[in-house]
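The next block holds one structure in the form of C-alpha cells; read it before the comments.
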Amino acid sequence: MSNPITSWDNDYARLARAASQLRTTSSNNSSFNSNQQRQGQASSIQTGINRLASQLHALESNLSLSPAEASRRRTLLEGLNGQLSTDGVAAGGGAGRGESSTAAALRQQDDMIDELAVGVGRLKNQTNLIHQEANSHVRLLDEMDANVDLANQGLEEETRRAMRLREEKSVWRLHLIIVGLSVLLFLLILMGLS
C-alpha cells in the first residue's frame with residue numbers, strides 16, 4: 001500500500017489535470033449542455049480539493065509533514081481552488097481566439113509546473129528516506145566500531161591474563177624445582193654424614 005504523502009501527491013496531480021482540462025474545454029465550448037457538464041466537473045474537482053485539504057490537515061496532525069511542506073501544499077490547493085473559481089468567472093464571458101490560445105499555453109505551462117512541483121515533492125521524500133537510511137547505516141557502523149573496540153579490549157585483557165598465568169606457572173615450577181633440589185641436597189648431606 002502506498003504511503004499517504006504519495007497518495008496525496010497523486011490525487012493532487014489528477015485534480016490539477018482535471019482542472020486544466022476543464023479550463024481548456026471552457027474556452028472552446030459555450031453551449032448550455034457543455035456548461036452543465038462543466039459545472040458538474042467543477043463541483044467534482046471542488047469536492048476533490050476539499051478532500052485533499054482534509055487529508056492535508058490529517059497529515060499535519062500526524063506530524064507526517066513538516067510545517068513548510070504543509071504550507072507549500074496548502075498554497076498549491078489554494079492556487080488550484082483559485083484557478084477553478086477564476087475559470088468559472090471566465091466561462092461566462094467570451095474570450096477572443098488570440099487570448100484563448102495564449103491562455104491555453106499559459107495554463108499548460110502552469111500545469112506542467114504543478115506536475116513538476118509534485119515530482120520535486122516526491123524526489124524530496126525519496127531523498128529524505130535515503131538520508132534517513134544513510135544515517136541509520138552510519139549509526140550501525142559506529143555501533144560496530146564500538147563493539148569491535150570492546151572486543152579488542154577484551155582480547156588484550158585475556159592476552160595479559162594468559163601471560164600472567166604463564167609467568168606464574170613458570171615461577172611456580174621454579175619454586176618446585178628449588179624445593180626438590182633442596183630436599184635432594186638435604187638427603188645427600190645426611191647420607192654423607194652417615
Side-chain angles (χ1 to χ4, degrees), residues 1-26 38 40-88 102-165:
M1 185 158 169
S2 65
N3 80 29
I5 296 173
T6 305
S7 175
W8 192 96
D9 288 339
N10 291 337
D11 288 346
Y12 174 78
R14 239 179 271 120
L15 283 176
R17 278 192 294 274
S20 171
Q21 289 171 354
L22 182 65
R23 283 194 309 269
T24 53
T25 58
S26 70
R38 284 190 62 257
Q41 288 174 343
S43 67
S44 172
I45 293 170
Q46 187 62 47
T47 303
I49 290 172
N50 293 339
R51 182 174 34 83
L52 282 179
S54 66
Q55 286 177 355
L56 181 60
H57 181 69
L59 287 172
E60 279 181 289
S61 63
N62 292 354
L63 299 176
S64 298
L65 288 176
S66 67
E69 181 66 17
S71 174
R72 183 187 72 81
R73 289 169 188 260
R74 197 174 297 108
T75 303
L76 285 173
L77 284 179
E78 289 169 0
L80 190 58
N81 203 7
Q83 290 173 4
L84 191 61
S85 63
T86 303
D87 186 39
T102 304
L106 288 175
R107 286 186 196 116
Q108 185 178 10
Q109 285 179 348
D110 287 345
D111 293 338
M112 290 168 61
I113 289 171
D114 289 344
E115 288 178 20
L116 279 174
V118 170
V120 168
R122 285 187 196 138
L123 186 61
K124 179 187 172 201
N125 291 337
Q126 290 176 347
T127 304
N128 284 336
L129 289 174
I130 291 170
H131 176 71
Q132 290 170 356
E133 188 172 343
N135 283 342
S136 69
H137 282 269
V138 167
R139 191 180 69 253
L140 288 173
L141 287 173
D142 288 343
E143 289 173 5
M144 267 182 42
D145 192 31
N147 290 341
V148 167
D149 287 343
L150 284 173
N152 204 9
Q153 288 174 356
L155 188 60
E156 288 174 0
E157 183 62 36
E158 287 300 317
T159 303
R160 278 191 237 112
R161 193 169 141 233
M163 293 296 282
R164 277 195 310 262
L165 280 174

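All values derive from a computational prediction rather than experimental measurement. Note that the numbering runs from 1 along the sequence shown for the chain.
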About how many Å separate CG of Asp145 and CG of Asn152, when rounded to the nearest 0.5 Å? 10.5 Å
Taken to the nearest 0.5 Å, the spacing of Tyr12 OH from Glu115 CD works out to 9.5 Å
Heavy-atom pair of closest approach, residues Leu59 and Pro4: CD2-CB, 3.6 Å
What distance do Arg139 atom CZ and Asn135 atom CG have between them, rounded to the nearest 0.5 Å? 8.5 Å
Nearest heavy-atom contact between Gly121 and Arg72 is CA-NH2, 4.1 Å
Got a second to check how far Gln55's CD is from Asn62's CG, nearest 0.5 Å? 11.5 Å
Salt bridge Asp11-Arg14, side-chain N to carboxylate O under 4.0 Å: yes
Where do Lys124 and Glu69 land on the side chain to side chain contact (heavy atoms under 4.5 Å, CB included) test, with the steps shown first? CA-CA 10 Å; Lys124 179 187 172 201; Glu69 181 66 17; 3.3 Å; yes
Decide yes or no for Arg74 and Leu77: does some side-chain heavy atom of the first lie under 4.5 Å from some side-chain heavy atom of the second? no
Let's go through Asp9 and Arg73 carefully: what are the C-alpha distance in whole Å and the side-chain angles of both, what is the deciding distance for salt bridge (charged side-chain N to carboxylate O under 4.0 Å, His left out) to 0.1 Å, and is it a yes or a no? CA-CA 9 Å; Asp9 288 339; Arg73 289 169 188 260; 2.5 Å; yes
Within this structure, what is the NE2-CG distance for the pair His137 and Leu141, rounded to the nearest 0.5 Å? 8.5 Å
Evaluation steps, side chain to side chain contact (heavy atoms under 4.5 Å, CB included), between Leu80 and Leu76: CA-CA 6 Å; Leu80 190 58; Leu76 285 173; over 6 Å; no
Does the pair Arg122 and Asn10 meet the rule for a side chain to side chain contact (heavy atoms under 4.5 Å, CB included), with working shown? CA-CA 10 Å; Arg122 285 187 196 138; Asn10 291 337; 2.2 Å; yes
Note: Ala70 and Leu56 closest approach over all heavy atoms is O-CD2, 3.8 Å
Distance check, rounded to the nearest 0.5 Å: Asp114 atom CG versus Arg107 atom CZ? 13.0 Å
If only atom types and distance count, is the side chain of Thr159 paired as donor or acceptor with the main-chain N or O of Leu155 below 3.5 Å? yes
Between Gly48 and Leu15, the two heavy atoms sitting closest are C-CD1, 3.3 Å
Heavy-atom pair with the smallest gap, counting every atom of Leu52 and Trp8: O-NE1, 2.9 Å
Counting only N and O atoms by type, is there a donor-acceptor contact under 3.5 Å from the side chain of Ser44 to the main-chain atoms of Gly40? no
Kindly check if the number of other-residue, nucleotide or ligand heavy atoms within 6.0 Å of CZ (Arg160) is above 12? yes
